[in-house]
Novice: 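One structure, pasted below without further comment.
All values derive from a computational prediction rather than experimental measurement. Just so we're on the same page: letters track the sequence lines, and every chain starts at 1.
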Amino acid sequence: MRALLSRPKNVAGILLTSLSLVIFAYSFVAAHEFRQISQWFPTGVAAVGFVLALAVMLWELGIVTWGASESLEGDVTENDSESSRSPLRGFFTYMAWLVVLAAALLTVGAVLAVFVWLLLFFRFLSKESWIRSLLYSVAAIVVIAVLTALLHLFLPAGFLIPSGEWIPRINIKF
Amino acid sequence: MIEAALEALTALIQPINLLFLALGVLVGLAAGLIPGLGGSVGLALLLPLVYGMDPVPALAMMIGLLAVNNTSDTFPAVLLGVPGSAGGAATIMDGHPLAKQGQAGRALGAAFTASMFGGIIGAIALFLIIPVAEPIVLAAGSPELFMLALFGLSMVGILSRGRSPLAGILLGALGLLLSTVGAAPASPEYRFTFGLGYLIDGIPLVIVVMGMFAIPELIELIRRDRTISELGTVLTGGRFEGATDTFRHKWLVLRSSVIGMALGAIPGVGGSATTWIMYGLTTQSYRDKSKFGKGDIRGVIGPEAANNSTDAGHLLPTLLFGVPAGASMAVLLGGMILLGVQPGPQLIQNDLPLLMTIAWSLALANILGTAICFLLRNRIAKLTTIRPGRLVPLLMVAIMLGAFQSNANLGDLVVLLIVGAFGWGVQRAGWSRAPFLIGFVLGPVTERYLHISIDLYGGAFVGRPGVLIIGALTIAILVLGFIRPKALQTLQEPTEEGLEGPIRRAVRRFRKRFNLPTTTSIITIPTEDAQKDEDAVETTASEAKEDKR
């Protein structure tokens with residue numbers, strides 16, 4: 001028992017397995033509301049998935065060790081030192097930046113959002129000079145404009161400043 | 001067959017199609033060069049562009065990207081001892097020592113030439129196998145295709161990288177379940193939509209691909225924010241000597257290419273496993289083994305030829321049966337579905353020229369990629385000095401705008417971020433992400449074949465000989481996964497997650513196994529001014545110091 005408790009746990013694995021258990025259990029129950037022909041597949045997958053998730057949970061908790069291809073200890077010690085130092089902090093920082101970009105795209109539209117976001121990202125996260133940040137941001141906007149014109153891409157038009165139609169379409173069929 | 005091949009070639013050599021092929025090749029070279037990107041992420045970035053495109057240029061672009069991904073990954077492997085992608089890891093063994101001896105140009109020349117011939121031999125084999133495989137493929141009915149989908153899923157789940165084989169299958173099941181969101185195929189109703197209009201058409205594949213692969217990799221890249229190389233790289237001559245070496249070892253090239261293609265055709269056995277196996281075979285097949293691991297050009301040629309022919313092998317199950325052989329093939333399969341092309345028996349039956357276009361694209365992309373690497377080697381090598389901090393924000397914008405192309409809906413961005421967070425979690429857990437994607441791609445196909453099988457044969461479909469054989473194989477693979485995990489470890493994809501750790505582990509394991517020198521070192525490539533300084537080598541100690549810093 002002591003050995004079990006002292007074993008380093010793969011927290012991400014345990015969390016993911018727990019999430020999988022919930023998803024499979026919910027899907028198994030919810031699938032019974034579908035017509036019979038439509039419920040076979042999701043019900044079967046959910047049932048098998050639930051059993052698998054239970055087995056993985058036992059494995060991740062260290063209760064069983066079959067099929068282990070590499071020890072957890074090995075992974076922990078041999079991981080890239082920097083990436084195992086503060087993974088969550090880095091992840092939340094960059095995810096927050098992505099959320100801000102998504103929000104900006106939907107409020108002020110693609111052109112303005114991308115320009116301002118890139119400028120700030122280059123300056124404050126990538127630690128570039130203001131001039132370089134400005135140059136990179138302008139270059140990115142030019143590339144986006146060219147691709148949009150050529151490939152007829154959709155650009156998010158913001159609620160506040162619709163920008164999707166700023167760029168004329170060039171009709172070339174590929 | 002020959003008519004179809006000629007028709008395909010005629011279509012492909014149209015300037016616009018060649019332009020897209022070249023675009024794919026350029027993106028593929030760049031993706032192969034930067035550890036963490038690789039074929040899956042590169043293809044994920046291109047996927048939004050293929051919406052509404054004609055299949056020929058779109059396929060040329062996608063195949064062009066995949067074909068040369070393993071060519072440019074040689075640069076960091078030879079010059080810096082860091083592979084650009086999984087397949088480049090074995091090249092370090094002899095390529096990097098050659099670079100330290102001042103023969104980087106020769107090693108690269110040999111690697112490019114061997115890669116090109118590997119790719120071309122793979123493409124020729126693809127041409128030859130299609131007519132042979134045609135009757136077998138067409139004989140497979142819905143029950144067999146259903147079983148093949150399950151087989152592919154179990155194989156990839158077991159073999160792909162991850163600490164537990166079960167976790168791979170679990171993720172495959174999650175992918176299958178996610179694919180059931182939206183309209184049901186067999187009855188007029190919607191499943192798991194929670195009343196949201198956005199989910200009626202299901203979750204777009206592009207978003208799943210980009211969320212699972214691109215976002216976690218980009219976050220890891222920028223979080224570490226380290227360039228591959230600090231100094232600019234200037235490569236002087238030797239490349240033609242390397243090319244001559246390849247011609248001198250033509251049988252090694254041929255053997256490596258054929259074995260690489262054969263191994264690549266097995267779902268789940270990735271380029272990394274193939275190159276390691278080929279390196280092992282190369283070292284064992286010569287009497288004089290003393291130079292291997294210290295800078296033997298044969299140790300570069302063998303793995304590199306196998307590396308590029310593996311792509312042709314990967315394409316076989318993907319195109320003929322619709323069973324992706326790995327993560328990048330799952331993305332390719334998704335791209336083909338976006339184009340309205342359904343891989344599998346229908347492709348052979350109805351669209352043979354398109355299949356031939358893929359084989360031609362593979363051959364042409366390898367030639368083009370090698371030519372670019374030969375001509376622009378110094379410029380390409382300079383790409384290793386780009387800081388992720390400059391590259392990643394641009395790619396993040398590309399991902400967000402690319403995701404928006406799916407439905408032009410707010411939901412696209414929200415789902416992308418959710419799947420991205422999930423993908424990052426999977427990566428941190430040390431699980432492989434490929435089975436999830438393969439489950440998602442194969443889900444609709446599996447369900448459709450299951451319905452057709454039951455409609456046509458009832459429960460008796462499980463008694464068909466083909467189903468029994470494939471079922472037995474599937475069970476054997478699953479059992480093998482649990483009773484022989486150590487043996488399977490050698491067949492895993494160590495760098496699918498794009499981290500250096502597993503590669504270094506694999507290199508160490510391999511060196512130990514074959515009693516090769518055990519020091520892992522990073523070379524600082526001399527600039528033109530410092531060319532005379534042959535000792536510009538940093539050893540593991542300095543690398544460790546840099547890590548600590």
Novice: The test is side chain to side chain contact (heavy atoms under 4.5 Å, CB included); show your working for L174(B) and I23(A) and say whether it passes.
Specialist: CA-CA 8 Å; L174(B) 268 178; I23(A) 291 172; 4.1 Å; yes
Novice: Between I219(B), L177(B), D412(B), V392(B), which shows the greatest number of heavy-atom pairs under 4.5 Å with chain A?
Specialist: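 Looking at each of I219(B), L177(B), D412(B), V392(B) in turn, L177(B) comes out on top.
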Novice: So which residue, P393(B), G420(B), A184(B), G402(B), ends up with the most heavy-atom pairs under 4.5 Å with chain A?
Specialist: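 Ranked by heavy-atom pairs under 4.5 Å with chain A, first place is P393(B).
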Novice: Given heavy-atom pairs under 4.5 angstrom as the criterion, report whether the side chain, backbone, both or neither of L105(A) touches chain B.
Specialist: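 Looking at L105(A), just its side chain touches chain B.
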Novice: Examine whether an atom of L118(A) lies under 4.5 Å from a heavy atom of chain B, and if so say whether it belongs to the side chain, the backbone or both; otherwise answer neither.
Specialist: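 The side chain, not the backbone.
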Novice: Restricting to non-hydrogen atoms, name the atom on A173(B) and the atom on L52(A) that form the minimum distance, rounded to 0.1 Å.
Specialist: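 Minimum heavy-atom separation between A173(B) and L52(A): CB-CD1, 4.5 Å.
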Novice: Does any backbone or side-chain atom of A421(B) lie under 4.5 Å from a heavy atom of chain A? Answer side chain, backbone, both or neither.
Specialist: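 The answer is both parts of A421(B).
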Novice: Relative to chain A, which segment of I454(B) carries a heavy atom at a distance below 4.5 Å: side chain, backbone, both, or neither?
Specialist: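 Answer is side chain: those atoms of I454(B) sit under 4.5 Å from chain A.
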Novice: For M53(B) and L339(B), work out which heavy atoms get closest and say how close.
Specialist: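 So the two residues come closest at O-CD2, 3.6 Å.
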Novice: If you take all heavy atoms of A31(A) and T43(A), which pair is closest and at what distance?
Specialist: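 Looking at all heavy atoms of both residues, the closest pair is CB-OG1, 3.5 Å.
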Novice: Non-hydrogen atoms of chain B under 4.5 Å away: do they reach the side chain of V99(A), the backbone, both or neither?
Specialist: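 Contact with chain B: backbone and side chain both.
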Novice: Apply the ring-ring contact (aromatic ring centres under 6.0 Å, His included) test between Y136(A) and each candidate in F122(A), F121(A), F115(A); give the one that qualifies.
Specialist: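 Among F122(A), F121(A), F115(A), the one meeting ring-ring contact (aromatic ring centres under 6.0 Å, His included) with Y136(A) is F122(A).
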Novice: Taking side chain as everything from C-beta outward and backbone as N, CA, C, O, which of these in P188(B) sits under 4.5 Å from a heavy atom of chain A? Side chain, backbone, both or neither.
Specialist: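 When you check distances to chain A, atoms from both the backbone and side chain of P188(B) fall under 4.5 Å.
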Novice: What part of V48(A) lies closer than 4.5 angstrom to a heavy atom of chain B: side chain, backbone, both or neither?
Specialist: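 Neither part, no heavy atoms under 4.5 Å.
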Novice: Does the side chain of R191(B) reach to within under 4.5 Å of the side chain of Q39(A), using non-hydrogen atoms?
Specialist: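 No. Closest side-chain heavy atoms not under 4.5 Å.
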Novice: Just checking, any donor-acceptor pair under 3.5 angstrom between side chains of E189(B) and S187(B)?
Specialist: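 The criterion, which ignores hydrogens and geometry beyond distance, is satisfied for S187(B) and E189(B).
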Novice: Using heavy-atom distances under 4.5 Å, tell me whether L410(B) contacts chain A through its side chain, its backbone, both, or neither.
Specialist: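 It is both, since atoms from each part get that close.
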Novice: How close do R433(B) and G423(B) get, counting heavy atoms only, and between which atoms?
Specialist: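 Minimum heavy-atom contact is CD-O, 3.7 Å.
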Novice: Given a strict heavy-atom distance threshold of 4.5 Å, which part of L106(A) is in contact with chain B: side chain, backbone, both, or neither?
Specialist: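 Contact with chain B involves the side chain of L106(A) alone.
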Novice: Can you tell which of A53(A), S27(A), A102(A), S133(A) has the highest number of heavy-atom pairs within less than 4.5 Å of chain B?
Specialist: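 Answer, by heavy-atom pair count under 4.5 Å with chain B: S27(A).
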Novice: What part of T17(A) lies closer than 4.5 angstrom to a heavy atom of chain B: side chain, backbone, both or neither?
Specialist: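 It is both, since atoms from each part get that close.
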Novice: Taking side chain as C-beta onward, heavy atoms only, is F422(B) less than 4.5 Å from V426(B)?
Specialist: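 Yes, at least one pair of side-chain atoms sits under 4.5 Å.
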Novice: So what's closer than 4.5 Å to chain A heavy atoms on L413(B): side chain, backbone, both or neither?
Specialist: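 Contact with chain A is through the side chain of L413(B) alone.
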Novice: Is it the case that the ring center of W130(A) lies less than 6.0 angstrom away from the ring center of F124(A)?
Specialist: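 Between F124(A) and W130(A), the centre distance is under 6.0 Å.
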Novice: Where on I215(B) is there a heavy atom nearer than 4.5 Å to chain A: the side chain, the backbone, both, or neither?
Specialist: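 Side chain only.
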Novice: Side chain, backbone, both or neither: which part of W97(A) has a non-hydrogen atom closer than 4.5 Å to chain B?
Specialist: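 Nothing of W97(A), per the 4.5 Å heavy-atom cut-off to chain B.
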Novice: Shorter than 4.5 Å, heavy atoms on both sides: which option in N17(B), L49(B), L171(B) has the most such pairs with chain A?
Specialist: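 Among the listed options, the one with the most contacts to chain A is L49(B).
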Novice: Using a cut-off of under 4.5 Å for heavy-atom pairs, which of P42(A), A140(A), A139(A) has the most such pairs with chain B?
Specialist: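 When all of P42(A), A140(A), A139(A) are compared, P42(A) has the most.
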Novice: CZ of F192(B): more than 12 outside heavy atoms within 6.0 angstrom?
Specialist: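 Yes, the 6.0 Å shell around CZ holds more than 12 heavy atoms from other groups.
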